[in-house]
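Working notes for the structure below.
Numbered from 1 within each chain, the chains take letters A, B, ... in sequence-line order. Source: prediction; values computed, not measured.
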Amino acid sequence: MYALIDCNSFYCSCERLFRPELKHRPVVVLSNNDGCIISRTDEAKRLGIPMGAPFFKVKDLCRKKGVAVFSANFSLYTDLSNRVMGTLYEQCPKVEVYSIDEAFADLSGVAHKESLGRELRSIILKNIGVPVGIGIASTKVLAKVANHLAKKSQKAGGVVYLSDQRLVDIALKRTPVEDIWGIGRKSAQKLINLGLKTAFDFKEYDNEKLIKRIFTKVGLQIQEELRGINCFSFAKELEKKESIMCSRSFGKSVYDKSALKESVANYITNAAGKMRAQESLCTRVSVFARTNRFKATEQYYLYGEREIAATSDTRKIMKVALDLIDEHYREGYEYKKAGARLSGFCLSSELQIDFLREEDSLADNKLMQAIDLINKKKGEGSIKLGACGLDDSAWKMNRNYKSPRYLSSWNELKEFK
DNA sequence: TCTGGGGTCCTAGGACCC
DNA sequence: TCTGGGGTCCTAGGACCC
């Protein structure tokens, strides 16, 4: 038995915490660069603001209806997420953090599952102030279905427990195929073409070969999960990433190579830091940059990648990344976005037994550790390589509606009178 | 004027080997 | 007309998630 605990309109809820006067007002949060809507409260949904809508298309509507608009403030959201997950770890035997705003809990062996759900919900609301919805069922996919209903139904009080097959079937009949976890737009359309409209229809559909052919192995697994058979395992340990990427759209178009390289230097710095935090070394570095895909001008997609000897040293990775830009850069294009990816990971514990390395690599390692420590204590970006530049005005993102870092900066604490 | 960022998994098909 | 067969490994691209 699994519970899925999912924060309601998480980013918006975080912003509301520090602005209680927004409690019943519509709120939206924008993606990086104030590009599009990535979180909406129910009030904003009812105004017809779609998820993922480009902000410029709904800006007028927001102004007219008095919607509170925020630029994304990820350090705030991460901090609050950690508090929510911390509470879950205290209350539940086994927890798998699935994303910034949701987690599965394994409730096998828990006697009163529904009351535990209600208790969790009220503890999180009281201690952290973030409302959550909880769905409980025998598989992850069914827990997702239950969670959906918990958020939609008024009388559920935020918790839905699908304790027997009768309840499961009722829930599945109320779930359109496009709302099933793992069924996206393309797959939903294919199911509808087969005459399958609800999750119940899909569960009952009995043509294994066809499902496999159209939806691959994953489609079969989702079907099994709807039938109550577990296919998606529970990962208690926090798993390491297999690749780490950092990319951004620019606030304004970039026309010169040095600004592009500077931006990529910053992305590499960020990605390499995250990689060291999970104690990995990378053996592959890739970089990319692209022109504005929404503009009818001629497009160019810059891409380069290279294999390197395993390292976590920002300087070595940086050199390769900047060389790749030099090799693939083309003059005369209007670049709008760039990024870098590190992959081909191995464990940093393997570094010490590699006698073929240059002898200074251990010292390099120490240098990186020292930099990470200083940045952790003094704030990200306190120390970085010269290649990252000092003046980021040529490519920095726009963030015109940013809330203060209430929880991670002494200068931005909330004041009460 | 203005359209995010960061991941995972699966499969087909090519390269390569004997 | 006609050009082995079978296996593994790797990668690109699609689809999906939040």
Does OP1 or OP2 of C:dC17 have a side-chain N or O of A:S99 closer than 4.0 Å? no

Fit a plane to each ring of A:Y301 and A:Y303, take the angle between them on a 0 to 90° scale, and name the class: parallel (under 30°), tilted (30 to 60°) or perpendicular (over 60°). parallel

Determine, stepwise, if the pair A:L30 / A:V69 fulfils side-chain contact (heavy atoms from CB on, under 4.5 Å). CA-CA 7 Å; A:L30 306 177; A:V69 176; 3.6 Å; yes

State whether A:R290 places a side-chain N or O below 4.0 Å from either non-bridging phosphate oxygen (OP1 or OP2) of B:dG5. no

Expressed as a whole number of angstroms, how long is the span from A:E334:CD to B:dT3:P? 11 Å

Would one find a side-chain N or O of A:K241 under 4.0 angstrom from OP1 or OP2 of B:dG7? no

Please work out if A:K295 contacts a base, only the sugar-phosphate, or nothing of the nucleic acid, heavy-atom cut-off 4.0 Å. nothing

Kindly say if A:R248 contacts the phosphate of B:dG6, meaning a side-chain N or O under 4.0 Å from OP1 or OP2. yes

Output the rounded distance in Å from CG (A:N398) to P (B:dT3). 9 Å

Options C:dC18, B:dG7, C:dC16, nucleotide nearest the side-chain atoms of A:D101: C:dC18

Residue-phosphate contact under 4.0 Å: A:K240 side-chain N/O, B:dG7 OP1/OP2: no

Gap between atoms CE and P, on A:M397 and B:dG5 respectively (whole Å): 8 Å

Separation of atom CZ in A:F232 from atom P in B:dT8, rounded to whole Å: 16 Å

Rounding to an integer number of angstrom, what distance separates C:dC17 and B:dT1 when you compare their P atoms? 33 Å

Starting the side chain at C-beta, find the nucleotide from B:dC10, C:dC16, B:dG6 nearest to A:C246. B:dG6

Judged by each residue's nearest nucleotide on DNA chain B, which is more toward the 5′ side, A:N292 or A:N270? A:N292

Residues A:K402 and A:E15 bridged, charged N to O under 4.0 Å: no

I'd like to know if A:R405 pairs up with A:D79 as an ion pair, taking the criterion as any Lys NZ or Arg NE/NH1/NH2 lying under 4.0 Å from an Asp or Glu carboxylate oxygen. no

Specify whether A:Y11 and A:Y77 have parallel, tilted or perpendicular ring planes, treating 30° as the upper limit for parallel and 60° as the lower limit for perpendicular. parallel

Over all strands shown, is A:F294 touching base, sugar-phosphate only, or nothing at heavy-atom distances under 4.0 angstrom? base

Under 4.0 angstrom, heavy atoms only, what part of the nucleic acid is A:D34 near: base, sugar-phosphate, or nothing? nothing

Electrostatic pair A:E298:A:R330 at N-O distance under 4.0 angstrom: no

Please classify the nucleic acid contact of A:I244 as base, sugar-phosphate, or nothing, using heavy-atom distances under 4.0 Å. sugar-phosphate

Using whole Å, report how far CG of A:N33 lies from P of B:dC2. 11 Å

Relative to the 5' end of DNA chain B, which residue comes earlier, A:E242 or A:S249, by the nucleotide with the nearest heavy atom? A:S249

In whole Å, I'd like the distance from the CD atom of A:E225 to the P atom of C:dC16. 17 Å

Counting only side-chain N and O atoms of A:K336, is one of them less than 4.0 Å from OP1 or OP2 of B:dT3? yes

Counting the atoms with a prime plus P, OP1 and OP2 as sugar-phosphate, which does A:R293 contact under 4.0 Å by heavy atoms, base, sugar-phosphate, or nothing? sugar-phosphate

Separation of A:N400 atom CG from B:dC2 atom C1', in whole Å? 11 Å

A:N270 side chain vs A:N266 backbone, donor-acceptor pair below 3.5 Å: no

Rounded to whole angstrom units, what separation is found between the NZ atom of A:K212 and the P atom of B:dC10? 11 Å

With rounding to the closest Å, how many angstrom separate the P atoms on C:dG4 and B:dG14? 16 Å

Which nucleotide in C:dA15, B:dC2, B:dT11 has an atom nearest any side-chain atom of A:K186: C:dA15

Partner nucleotide of B:dC18 by Watson-Crick or wobble geometry (both distances under 3.5 Å): C:dG5

Using 30° and 60° as the class limits, which term best fits the ring planes of A:W395 and A:Y267: parallel, tilted or perpendicular? perpendicular

Within the structure, does a side-chain N or O atom of A:S243 lie under 4.0 Å from either OP1 or OP2 of B:dG6? no

Lys/Arg N to Asp/Glu carboxylate O, A:K295 vs A:E334, below 4.0 Å: yes

Hey, does A:Y98 reach any base, or is it just sugar-phosphate, or nothing, if we go heavy atoms under 4.0 Å? sugar-phosphate

Look at the side-chain N and O atoms of A:K337 and state whether any lies under 4.0 Å from the OP1 or OP2 oxygen of B:dG5. yes

Is A:S247 near enough to B:dG6 that one of its side-chain N or O atoms lies under 4.0 angstrom from OP1 or OP2? yes

Within residues 171-183 of chain A, the residues having a heavy atom closer than 4.0 Å to DNA chain C are A:I180, A:W181, A:G182, A:I183

Should A:L167 and A:Y161 count as side-chain neighbours, where that means a heavy-atom distance under 4.5 Å? no

